[in-house]
Asks: 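Can you keep this structure in mind? I'll have questions shortly.
It should be emphasised that the depicted structure is a prediction, and the values quoted were computed from it without experimental measurement.
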Amino acid sequence: MKIFSQTIIRWYNKNKRDLPWRHTTDPYKIWLSEIILQQTRVQQGMPYYETFAKKFPTVHHLANAKEDAVMKTWQGLGYYSRARNLHHTAKFISKELKGKFPNEYEAIKNLKGIGEYTAAAIASFAFNKPYAVVDGNVFRVLSRYFGIHSPIDSTGGKKEFTRRAQQLLDKKYPGVFNQAIMEFGALQCVPHNPDCGKCPLKKGCEALAKNKIAELPVKSQKTKVSIRYFNYFIIKKNGKTLIKKRTENDIWKNLYDFPMVETKREMKKPPLNPLLQRGLVGFNSSPSGSLGSTFKHVLSHQIIFAKFWEVVGLNSNLKKPIQRAHKKIIYVSDNQLYKFAFPRLIQRYFEEKGA
DNA sequence: AAGCCGGGGTG
DNA sequence: CACCCAGGCTT
């Protein structure tokens, strides 16, 4: 299928965007950009790439940073395991590999946070090795052009698309071809109402001929959304606020929020008893909480109804054993809060409070 | 193989 | 509102 590859590359040379990571062959910078761009639009990831590249110009800078600092820089981008794995792999490359980025596909793919797509991207962009990328753009372009109805979220479907992409790959210029097919999917063969009239591949496009552009690609499973109710407690003492690191395996791992009680239903009054039973802070006379703010926070797979209760009447001394056991519960001065990484929901609370 | 993990843009 | 985005890890 030489026509396909040539047409894609010709289109790319004429229509490509000027993106910062296309000006380098430094595998560190390419890796950085690819992790940031996983499940993330170019426009959303761009400012984060610029910040990371400036703040951590080499893998050693990133490796020597505190994880909290990496998380803070990642704050707001989502899928925070990417940031944790990024930091883990930076330390591995810096210390175990003495800063030398692996240049073989298998070695690249064995790094934490790097799967088939990212390994192929780095191998082809940084080392010009012939591995075809298969991302959301490639699924869409190939499914339409070749009329492939295999579900893209099935194991068999993924293998089929990977095989097709690998066949089409221009083995002399794998990096350019990979960039080209993704850019084509992002700008021309877009998910909704593509302008097929000006498509350079309209002649051989199976989906266009059979009027199936809108049904392709096929996805089999629908994401089911769960509803959760978070009751946050704002506990202050001497101008400091109690915050807590989320270390459990749940959303926002290793980010910070407030002491919290999750309930099955919406609460009209603050569920203070579970908080006190937890023994986080001492019990004074008659603690009470008044409703500060409420938010509906929407994630792709969860809808969180959050209430922020401002608590008074607690003896807000941290109990010693808890304080020692995990330093994840801490009092922080209001003017130091900006140093911690918070999920967007908590940021929204701060914004409403005018902080 | 299925479930989990964010936040924002778009029609 | 539903769907998608330069996906990967865990179970």
Asks: Take the protein atom CG of A:Leu345 and the nucleotide atom C1' of B:dC5, then report the distance between them rounded to whole Å.
Replies: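 Roughly 16 Å, once rounded to whole Å.
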
Asks: Checking A:Arg265 now: which residues fulfil salt bridge (Lys or Arg N to Asp or Glu O under 4.0 Å) with it, not counting sequence neighbours?
Replies: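 Checked A:Arg265 against salt bridge (Lys or Arg N to Asp or Glu O under 4.0 Å); zero matches.
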
Asks: Which residue, A:Lys253 or A:His192, contacts DNA chain B at a nucleotide closer to its 5' end, judged by nearest heavy atom?
Replies: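 Nearest-nucleotide comparison on DNA chain B picks A:Lys253.
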
Asks: Just jot down the ring-ring contact (aromatic ring centres under 6.0 Å, His included) partners of A:Tyr131, sequence neighbours excluded, or say none.
Replies: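 ring-ring contact (aromatic ring centres under 6.0 Å, His included) check on A:Tyr131 returns A:Tyr105.
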
Asks: Determine which pairs satisfy side chain to side chain donor-acceptor pair (under 3.5 Å) with at least one residue from residues 191-207 of chain A, sequence neighbours left out, and list them in order.
Replies: A:Glu206-A:Lys210

Asks: Rounded off to whole Å, could you give me the NZ-to-P distance for the A:Lys224 and B:dA2 pair?
Replies: 14 Å

Asks: Do A:Ser226 and A:Gln302 have side-chain N/O donor and acceptor atoms under 3.5 Å apart?
Replies: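 Per modelled atom types, A:Ser226 and A:Gln302 side chains form no pair under 3.5 Å.
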
Asks: Using the P atom as the point on both nucleotides, what is the distance between B:dG6 and C:dT11, in whole Å?
Replies: 15 Å

Asks: Assuming nearest nucleotide by heavy-atom distance, tell me which of A:Pro343 and A:Ser154 is located more 5' along DNA chain B.
Replies: A:Ser154

Asks: Is the phosphate of B:dC5 approached by A:His301 (side-chain N or O, under 4.0 Å from OP1 or OP2)?
Replies: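 For A:His301, the contact criterion (side-chain N or O under 4.0 Å from OP1 or OP2 of B:dC5) is met.
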
Asks: Suppose we screen for side chain to side chain contact (heavy atoms under 4.5 Å, CB included). Which residues come up paired with A:Lys98, at least two apart in sequence or across chains?
Replies: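 None.
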
Asks: Rounded to the nearest Å, what distance is computed from the CD atom of residue A:Gln43 to the P atom of nucleotide B:dG9?
Replies: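 It is 10 Å, rounded to the nearest whole Å.
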
Asks: When all nucleic acid strands are considered with a 4.0 Å heavy-atom cut-off, which category describes A:Asn178: base, sugar-phosphate, or nothing?
Replies: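 Result for A:Asn178 = nothing.
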
Asks: Nearest whole Å is fine: how far is B:dG7 P from A:Arg344 CZ?
Replies: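 The answer, rounded to whole Å, is 8 Å.
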
Asks: Taking C:dA6 as the reference, what is the distance to B:dC5 when you measure between their P atoms (whole Å, please)?
Replies: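 Comparing P positions in B:dC5 and C:dA6 gives a spacing of 23 Å.
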
Asks: Please work out if A:Gly76 contacts a base, only the sugar-phosphate, or nothing of the nucleic acid, heavy-atom cut-off 4.0 Å.
Replies: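 Sugar-phosphate: the residue A:Gly76, judged by heavy atoms under 4.0 Å, touches backbone atoms but no base.
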
Asks: Is a side-chain N or O of A:Gln166 found less than 3.5 angstrom from the main chain of A:Pro130, in a donor-acceptor match?
Replies: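 Side chain of A:Gln166 to backbone of A:Pro130: a pair is present.
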
Asks: Going by the rule side chain to side chain donor-acceptor pair (under 3.5 Å), which residues pair with A:Lys307 if we only count those two or more places apart in sequence or in a different chain?
Replies: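 For A:Lys307 the side chain to side chain donor-acceptor pair (under 3.5 Å) partners, ignoring immediate neighbours, are A:Glu266.
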
Asks: For A:Arg228 and B:dC4, what is the distance between atoms CZ and P respectively, to the nearest whole Å?
Replies: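 Interatomic distance, CZ of A:Arg228 to P of B:dC4: 11 Å.
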
Asks: Tell me what A:Asp153 touches on the nucleic acid: a base, only sugar-phosphate, or nothing, going by heavy atoms under 4.0 Å.
Replies: nothing

Asks: Atom CD of A:Gln221 and atom P of B:dG3: how far apart are they, to the nearest Å?
Replies: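 After rounding, the gap between these two atoms is 7 Å.
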
Asks: Would you mind reading off the distance between A:Gln302 atom CD and B:dC5 atom C1', rounded to a whole angstrom?
Replies: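 Rounded to the whole Å, the gap is 9 Å.
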
Asks: A:His297 has an atom NE2; how far is it from atom C1' of B:dC5, in whole Å?
Replies: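 From A:His297 NE2 to B:dC5 C1': 12 Å.
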
Asks: How does each nucleotide of nucleotides 2-11 of chain C score, in 5' to 3' order, for protein heavy atoms under 4.0 Å: base (B), sugar-phosphate only (S), or none (-)?
Replies: --BBBBSS--

